[in-house]
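What follows is one structure encoded as structure tokens, with my remarks underneath.
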Amino acid sequence: MLTFYSADSRLRQARTELHDGTLVAPFECPERVDLVLKQLRLSGLGEIRAPSAYGLAPVLAVHDKDYVTFLANCWEAWLAAGHEGEAIPNIWPARRMRGDHIPHAISGQLGYYALAAETSISAGTFEAAMASKDVALGAVEYTLQTGEPSFGLCRPPGHHAAYDQFGGYCFFNNAAIAAQRALESGKRRVAILDVDFHHGNGTQQIFYRRDDVLFISLHGDPEVTFPYYLGYADEGGEGKGEGFNINYPLPHGTSVATWMATLEQALAKIQAAGCELLIVSLGVDIFENDPISAFTFTSEDFTNLGQRLAQAGLPSVFLMEGGYAVDEIGVNVSNVLHGFEQGV
Ligand SMILES: NCCCNCCCCCS
Ligand SMILES: [Zn+2]
């Protein structure tokens with residue numbers, strides 16, 4: 001299987017994440033991609049290719065222009081305002097305040113565009129996010145042209161990024177950008193299957209009123225899991241999108257057997273909807289030892305997951321999302337992709 005990767009993924013070198021009331025080293029660290037690359041090479045998955053630069057147009061096809069401009073300028077504006085640390089919001093347009101006005105001060109803009117406080121912006125964040133969406137575009141273009149599966153080793157991840165919002169370590173929604181590209185190249189309907197432990201709130205929000213993308217997510221119950229305020233089972237899409245958004249919230253500690261049985265339901269929906277391409281938002285934070293998650297996959301279970309996805313029989317693009325058990329991330333990602341190749 002061909003892998004797309006950009007060394008510019010390492011341009012995001014954030015030093016702080018707000019976690020449990022203190023500033024810690026970010027869980028979404030550059031070493032994640034180093035260890036995935038190492039295991040892919042060790043296991044002989046296939047060629048690793050750098051993508052072309054696709055520019056801003058594919059980003060603007062799914063994200064708000066002012067939001068993209070904000071991301072491009074945020075770090076410089078933060079420094080110019082004399083702030084010492086990394087750019088982290090500390091106020092939001094809370095209920096019964098004016099949520100439709102974008103303040104002039106960068107501190108106000110941060111709260112307007114941020115969905116959460118754990119994701120700092122710093123030097124290189126925008127450039128890394130641009131490289132990450134190029135990785136996703138390289139992967140989807142390859143699969144569209146050849147029908148062969150591909151893996152986009154995206155960093156930073158994307159599934160929490162909404163039309164005009166960043167957070168959950170995400171800035172551009174790589175899977176949404178890839179799906180939009182596939183539709184523009186002629187696919188009539190694309191499935192995005194989000195297997196990350198956390199609900200892909202951004203992907204849901206981008207396609208919620210559309211029927212050309214079927215978004216399906218299996219994830220930790222938002223009653224007790226980030227992002228808390230989206231990802232419930234009653235969110236079925238709106239307008240034309242009714243029936244094309246399916247959430248499977250699952251309790252902490254869900255067994256792999258139950259998770260895989262839920263996957264069967266998801267794959268049946270994908271088949272019934274006549275999807276012509278499968279994009280997998282591949283978060284391996286469903287691993288039993290993930291530090292910020294609560295599902296129970298072993299490394300071997302990831303191989304079974306890959307094998308099962310191959311049986312869906314669709315041209316498939318895997319895009320890296322979460323996974324924070326850094327020591328095992330390489331094996332877990334590699335197992336999904338090799339499992340897929342075994343299952344074809
Ligand atoms: N600081 C740990 C709390 C988790 N908050 C963000 C989770 C983002 C997952 C991305 S897949
Ligand atoms: Zn996650």
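Residue indices begin at 1 and follow the sequence shown. Whatever order the structure lists ligands and atoms in, that order sets their numbers, starting from 1.
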- prompt: With sequence neighbours excluded, what pairs up with Y5 under the ring pair (Phe, Tyr, Trp, His ring centres under 6.0 Å) test?
  reply: none
field: Any side-chain heavy-atom pair of N90 and L110 under 4.5 Å
entry: no
query: Take atom CD in Q342; do more than 12 heavy atoms of anything else shown fall under 6.0 Å from it?
result: yes
query: Which residues satisfy the ring pair (Phe, Tyr, Trp, His ring centres under 6.0 Å) test with Y248, sequence neighbours excluded?
result: none
- prompt: Just checking, is any N or O donor in the side chain of H198 or T225 under 3.5 Å from an acceptor N or O on the other one?
  reply: no
- prompt: What protein N, O or S atoms come within a distance below 2.8 Å of the Zn ion (ligand 2), ordered by chain and number?
  reply: D196 OD1, H198 ND1, D285 OD2
- prompt: Picking from P315, S150, S185, what satisfies side-chain contact (heavy atoms from CB on, under 4.5 Å) with L144?
  reply: S185
- prompt: To the nearest 0.5 Å, what is the distance between OG (S6) and CZ (R155)?
  reply: 11.5 Å
field: Distance-only polar pair, side chains of N201 and H199, donor-acceptor under 3.5 Å
entry: no
query: Can you find a side-chain donor-acceptor pair between R12 and T125 that sits under 3.5 Å?
result: yes
message: Distance under 4.0 Å, heavy atoms only, partner ligand 1: which residues pass?
response: E17, H19, E118, H159, H160, G168, Y169, D196, H198, F226, D285, I292, G322, Y324
